[in-house]
Amino acid sequence: MINTKIYKAVYELAEKLMKAASKDDRATFEALYAELQAICTEHENTEKDHPEQWETLADFTEELEDALPIYQKALDKAVAKQTNDHIASIGFSMATLQEELGETEAAIESLQQAQASAQTIEDNELKAEINELLATLTTR
């Protein structure tokens with residue numbers, strides 16, 4: 001489980017990042033992103049480290065090529081903690097980026113792992129999105 005104080009900080013930063021992005025406020029976005037990155041780095045490999053903070057960082061990483069390794073780090077942490085909700089969510093996000101980058105085989109692998117983990121979660125919308133994208137990629 002993610003530390004409550006860290007969760008609140010990450011959640012608040014995510015909200016502020018979305019507002020800055022919607023206003024095209026580059027300076028604020030970059031400052032907030034740096035704050036989020038600092039939280040992740042500060043707690044990395046400690047008992048406060050959690051896949052959710054890394055997933056959030058990846059979500060706000062603008063360059064797709066830069067976001068993928070951060071998602072991978074989040075996924076590795078989710079697998080280590082055996083948190084199927086995070087494994088499914090991160091796998092879906094990774095697959096979406098991999099598809100955009102033309103890495104169809106990698107996207108299919110990410111979706112298959114996400115699909116396996118999603119079988120035990122309650123988020124039916126995420127399950128449907130995973131299944132839909134997997135069906136689309138495997139019928140091309």
Side-chain angles (χ1 to χ4, degrees):
M1 180 161 203
I2 190 168
N3 175 289
T4 304
K5 191 174 183 179
I6 295 170
Y7 175 81
K8 286 181 181 178
V10 169
Y11 184 80
E12 287 173 9
L13 283 169
E15 285 185 329
K16 291 176 183 177
L17 280 159
M18 287 190 296
K19 286 179 186 172
S22 72
K23 294 178 183 176
D24 270 341
D25 185 346
R26 191 94 205 119
T28 301
F29 184 91
E30 288 177 6
L32 293 167
Y33 182 87
E35 271 187 68
L36 179 57
Q37 193 170 34
I39 289 171
C40 292
T41 305
E42 177 184 345
H43 300 293
E44 187 170 14
N45 300 320
T46 72
E47 71 280 349
K48 293 180 180 177
D49 198 3
H50 196 275
E52 193 162 330
Q53 64 197 27
W54 292 100
E55 181 179 12
T56 305
L57 182 65
D59 288 344
F60 288 101
T61 301
E62 295 179 286
E63 296 298 321
L64 302 182
E65 294 84 1
D66 295 337
L68 277 175
I70 300 170
Y71 277 125
Q72 185 62 55
K73 183 180 281 197
L75 182 61
D76 293 343
K77 292 175 186 301
V79 168
K81 289 184 179 282
Q82 299 178 349
T83 55
N84 286 334
D85 287 6
H86 292 104
I87 295 169
S89 173
I90 296 163
F92 178 73
S93 294
M94 283 181 70
T96 302
L97 290 187
Q98 289 163 330
E99 179 194 21
E100 285 183 49
L101 292 169
E103 300 173 6
T104 305
E105 289 304 314
I108 290 170
E109 286 178 31
S110 294
L111 287 167
Q112 288 170 335
Q113 182 179 15
Q115 187 180 51
S117 293
Q119 291 182 20
T120 62
I121 68 171
E122 295 179 17
D123 187 341
N124 291 325
E125 186 176 323
L126 177 59
K127 288 179 189 180
E129 289 175 323
I130 291 167
N131 292 334
E132 183 180 314
L133 184 54
L134 186 57
T136 299
L137 294 179
T138 54
T139 57
R140 284 186 181 169

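Computed over heavy atoms, backbone and side chain alike; hydrogens, waters and symmetry mates excluded. Just so it is clear, the model here is predicted, and its values are computed rather than measured. Residue numbers count from 1 along this sequence.
Considering all non-hydrogen atoms of both residues, Phe60 and Phe29 come closest at O-CZ, 3.4 Å. In terms of heavy-atom proximity, Ser89 sits nearest to Glu55 at OG-OE2, 2.5 Å. Shortest non-hydrogen contact noted between Ala58 and Ala67 is O-CB, 3.7 Å.
Under the 4.5 Å side-chain heavy-atom criterion for grouping Ile, Leu, Val, Met, Phe, Trp and Tyr, Leu75 is not connected to Leu133 through any hydrophobic cluster. Leu64 and Ile90 end up in the same hydrophobic cluster when Ile, Leu, Val, Met, Phe, Trp and Tyr side chains are linked at under 4.5 Å. Hydrophobic clustering keeps Trp54 apart from Leu97 (ILVMFWY residues linked when any side-chain heavy atoms are closer than 4.5 Å, directly or through intermediates). Tracing side-chain contacts under 4.5 Å through hydrophobic residues (I, L, V, M, F, W, Y), one reaches Tyr11 starting from Ile70; they form part of the same cluster.
Checked against the 6.0 Å centroid threshold, His50 and His43 do not count as a close aromatic pair.
Atom CD1 in Ile87 sits 7.5 Å away from atom CD in Gln82 (nearest 0.5 Å). Remark: Cys40 SG to Glu52 CD distance equals 10.5 Å, nearest 0.5 Å. In this structure, Ile130 CD1 and Leu126 CG are separated by 4.0 Å, a value rounded to the nearest 0.5 Å. If you take CD on Glu99 and CD1 on Ile108, they are separated by 9.5 Å, rounding to the nearest 0.5 Å. Interatomic distance, Glu30 CD to Leu17 CG, rounded to the nearest 0.5 Å: 11.0 Å. With rounding to the nearest 0.5 angstrom, the OG1 atom of Thr41 is 7.5 Å from the CG atom of Leu57.
Residues Arg26 and Glu62 are paired through a salt bridge, judged by an N-O separation under 4.0 Å between the basic side chain and the carboxylate.
Side-chain contact between Val79 and Gln113 is present, with heavy atoms from C-beta onward closer than 4.5 Å. Using a 4.5 Å cut-off on side-chain heavy atoms (C-beta onward), Leu101 and Leu68 make contact.
No more than 12 heavy atoms of other residues, nucleotides or ligands lie within 6.0 Å of NZ in Lys16, so this atom counts as exposed by the packing criterion. Annotation for Glu132: atom CD does not count as buried by contact number, only 12 or fewer foreign heavy atoms lying within 6.0 Å. Crowding of Glu125 atom CD: a count of heavy atoms from other residues, nucleotides or ligands under 6.0 Å not exceeding 12.
A donor-acceptor pair under 3.5 Å is absent between the side-chain atoms of Ser117 and the main chain of Ala114, judged by distance alone. Under a 3.5 Å cut-off, the side chain of Thr138 and the backbone N or O of Leu134 do form a donor-acceptor pair. Under a 3.5 Å cut-off, the side chain of Lys127 and the backbone N or O of Ile121 do form a donor-acceptor pair.
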Report the C-alpha distance between Ile39 and Leu13 in whole Å, list the side-chain angles of each, state the deciding distance to 0.1 Å, and finish with yes or no for side-chain contact (heavy atoms from CB on, under 4.5 Å).
-> CA-CA 10 Å; Ile39 289 171; Leu13 283 169; 3.6 Å; yes
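None of Glu44, Gln72, His86, Gln53 except one satisfies the side-chain contact (heavy atoms from CB on, under 4.5 Å) rule with Lys77; the exception is Glu44. Applying side chain to side chain donor-acceptor pair (under 3.5 Å) to Tyr71 and the options Asp59, Asp76, Thr61 leaves one that passes, Asp59.
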